[in-house]
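Beneath this line is the structure, given in structure tokens, with notes to follow.
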2 protein chains.
Amino acid sequence: MRSADLPEVRSIHLFQTMEEATFDSIVKAAYFQTFPDHVVLIEEGDTADFLYVVVEGCVELFASSNGRETTMAMVSPIGTFILAAALKDAVYLMSARTSQRSRILMIPSEDIRAAFEKDTAFAAAIIRELANCYRAVVKEHKSLKLRTGVERLANRLLRYHNDQGCNGSLLLPHDKRTLASLLGMAPENLSRAFNTLKPYGVTVDGPRVYLGDLLALENLAKPNSLIDDRSM
Amino acid sequence: MRSADLPEVRSIHLFQTMEEATFDSIVKAAYFQTFPDHVVLIEEGDTADFLYVVVEGCVELFASSNGRETTMAMVSPIGTFILAAALKDAVYLMSARTSQRSRILMIPSEDIRAAFEKDTAFAAAIIRELANCYRAVVKEHKSLKLRTGVERLANRLLRYHNDQGCNGSLLLPHDKRTLASLLGMAPENLSRAFNTLKPYGVTVDGPRVYLGDLLALENLAKPNSLIDDRSM
DNA sequence: TCCCTCGCTTGATAAATATCAAGAGGTACT
DNA sequence: AGTACCTCTTGATATTTATCAAGCGAGGGA
């Protein structure tokens, strides 16, 4: 890795608190790579040779079975993926592909495993990161089991709206077909779900969505901090 | 805690490799408690004061939102629950209640947090356990998004059949209504799903299920190691 | 023994969601 | 400009799943 990249890597949460020696040992074998969009980075079932960190761009995690495919998560900077598999030295449960041109940090997973055995601060950082990942999936799972498609969309819109400054409009961060898959519905049904939300003040113009009646939308969505809050 | 209980606790995976001093510090404040069935142990939204370990019996993790409720997981011995919340000092994302009379080890979460900061072996054990929990939820999520209800049931039956010795029959480990909720379907639909599986050799007599044509059932279920294998 | 409750099942119906087919509108390439 | 995609939308229809209502049968208590 170029020494110019070091400060950027060091500033990533996972690596901030670790000892200098551990950082060196990890950085030695790690490297940055920039990928064009729609490049498959890993396929589920492969052995976990690397831990990945998305530094720029966006990566889609997806899974397949029996001819079907679904989007599991979208990873934006700075986000890690495949941490659990790398730690366990197990196979990946999800595939990953870039959804934009992306700059990605790749760290051999054996170095990660060696590092946390020696460095308590790094182990603690990994535990925090893993716990966050775990809770994120639990929330997704709750959302899917406890809500209808329209409700999942409504809450997702409220989330993007929050993330983007609560100014009455938002940009969908992904393709509509990707969003549909992420929300666990067919693309056609996402279109229809948007129509269902029209009476609640939701209007769509391409990737831009206007929320004209926040109260009505929230009343339908019934957001729940134990599902929708990213920070806890 | 009674000193007679110590060897049993020490033998739990999470506590096997830790240093003696760390073990002492954790055990000091921990205690066993036996609960009757259908006792609510924790409610989602509460702050995570304890880490729980199911030593005997069975605990149901469930979640609610907007008047709906769903079973998230069943925890059998020896299994932990609410580890991520305890580590993060955050609120529980799931509620828990006993589904049988259960003996449960409760460890104050601040002691857990203090312990892994000092003891690398314990931190490593926590990381392993967390990674396993994470991967278990990912698998559940994949199952729900990639399979129909009948397919989820078929695969679940094959799993129980494996767990119980592959002798052509199995006992459902939980109520049918609980199983239905776990599989993400209404109890009525579980009944109908069993009927759908009749042509594939599945017959039901109360909690006992006979698999008369394993090949046919597997052909329908199309089990996938990246969803159904517990051990990886 | 009777009767009640409870877990489960079944049938009828409604709602949610997926699928298939077609078309609109945009973009990129030739 | 024309053409070939591509994404998204819409309509028609089928499938899946949930809901509501009723009933069956085992077990428990009076």
Side-chain angles (χ1 to χ4, degrees), chain A residues 36-38 60 64-71 97 99-100 143-157 171-200 202-210 220-222, chain B residues 37-38 60 64-71 99-100 143-157 171-199 202-210 220-221:
Chain A
D37 55 355
H38 302 112
E60 177 188 4
S64 308
S65 188
N66 197 5
R68 281 159 276 193
E69 183 183 302
T70 189
T71 301
R97 65 187 156 217
S99 66
Q100 310 168 10
S143 177
L144 194 59
K145 288 187 89 172
L146 292 167
R147 288 174 171 160
T148 66
V150 172
E151 289 170 338
R152 293 197 297 279
L153 173 60
N155 280 291
R156 182 64 62 144
L157 292 179
L171 269 173
L172 297 176
H174 320 293
D175 284 3
K176 281 178 184 156
R177 60 173 290 116
T178 306
L179 180 61
S181 184
L182 191 58
L183 293 174
M185 58 176 85
E188 294 94 327
N189 279 345
L190 180 62
S191 279
R192 285 187 257 268
F194 273 120
N195 285 333
T196 309
L197 291 179
K198 252 181 206 155
Y200 300 86
V202 176
T203 48
V204 183
D205 179 19
R208 180 153 294 277
V209 180
Y210 300 92
L220 171 85
K222 299 207 169 46
Chain B
D37 56 354
H38 302 112
E60 178 189 3
S64 308
S65 188
N66 197 5
R68 281 160 276 192
E69 184 185 301
T70 190
T71 302
S99 66
Q100 311 168 10
S143 177
L144 194 59
K145 288 186 89 173
L146 291 168
R147 288 174 171 162
T148 66
V150 172
E151 290 170 337
R152 293 197 297 278
L153 173 60
N155 280 292
R156 181 65 63 143
L157 292 178
L171 270 172
L172 297 175
H174 320 293
D175 286 2
K176 281 178 184 156
R177 60 172 292 116
T178 306
L179 179 62
S181 183
L182 192 57
L183 293 174
M185 56 177 86
E188 294 94 327
N189 280 346
L190 180 62
S191 279
R192 285 186 259 266
F194 272 121
N195 286 333
T196 308
L197 291 180
K198 252 180 206 155
V202 176
T203 48
V204 183
D205 179 19
R208 181 154 293 278
V209 180
Y210 299 92
L220 172 85

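Order of the sequence lines sets the chain letters (A, B, ...), proteins ahead of strands, with each chain counted from 1.
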Does the side chain of [X] reach to within under 4.5 Å of the side chain of [Y], using non-hydrogen atoms?
X	Y	value
B/L220	B/V150	yes
A/L153	A/T196	no
A/L183	A/R147	no

What integer distance in Å separates [X]:[atom1] from [N]:[atom2]?
X	N	atom1	atom2	result
B/R192	D/dA18	CZ	P	10 Å
B/E151	D/dT15	CD	P	15 Å
B/L153	D/dT16	CG	C1'	15 Å
A/L190	D/dT7	CG	P	15 Å
B/K145	D/dT17	NZ	C1'	18 Å
A/F194	D/dT9	CZ	P	7 Å

- Any B/N189 side-chain nitrogen or oxygen under 4.0 Å from OP1 or OP2 of D/dT17: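 It does not, given that no N or O in the side chain of B/N189 lies less than 4.0 Å from OP1 or OP2 of D/dT17.
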
- For A/N195 and D/dT9, is the shortest distance between a side-chain N/O and OP1 or OP2 below 4.0 Å?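 Negative; the distance criterion is not met.
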
- Using a heavy-atom cut-off of 4.0 Å to chain B, what are the terminal contacting nucleotides of DNA chain C, in 5' to 3' order?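 Answer, 5' to 3': C/dC8 to C/dA12.
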
What distance do [X] atom [atom1] and [Y] atom [atom2] have between them, rounded to the nearest 0.5 Å?
X	Y	atom1	atom2	answer
B/L179	B/F194	CG	CZ	6.0 Å
A/N155	A/K222	CG	NZ	10.0 Å
B/R177	B/M185	CZ	CE	14.0 Å

- Message: Need one value for B/G149: base, sugar-phosphate or nothing, where a base atom within 4.0 Å counts as base even if backbone is also close, heavy atoms only.
- Response: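 Sugar-phosphate contact only.
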
- Go through residues 174-185 of chain B and report each residue with a non-hydrogen atom lying under 4.0 Å from DNA chain D, sorted by number.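 Within this stretch, B/G184, B/M185 sit under 4.0 Å of the strand.
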
- Query: Short question: side chain of A/K145, backbone of B/E69 - any donor-acceptor pair under 3.5 Å?
  - Reply: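 The answer is no, because no donor-acceptor pair under 3.5 Å joins these two groups.
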
- Item | Under 3.5 Å: donor-acceptor pair, side chain of A/K198, backbone of A/V204 |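 Looks like no, no N/O pair under 3.5 Å.
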
- If you pin A/V150 and A/E188 to their nearest nucleotides in DNA chain C, which one's is more 5'?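 Looking at the nearest nucleotide for each, A/V150 comes out on the 5' side.
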
- Query: Is there a donor and acceptor pair closer than 3.5 Å between the side chain of B/R147 and the base of D/dT17?
  - Reply: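 Not at all, since no donor on one side and acceptor on the other fall under 3.5 Å apart.
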
- Going by distance alone, is a donor N or O of one side chain under 3.5 Å from an acceptor N or O of the other, for A/E60 and A/T71?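 A/T71 and A/E60 do have a side-chain donor-acceptor pair below 3.5 Å.
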
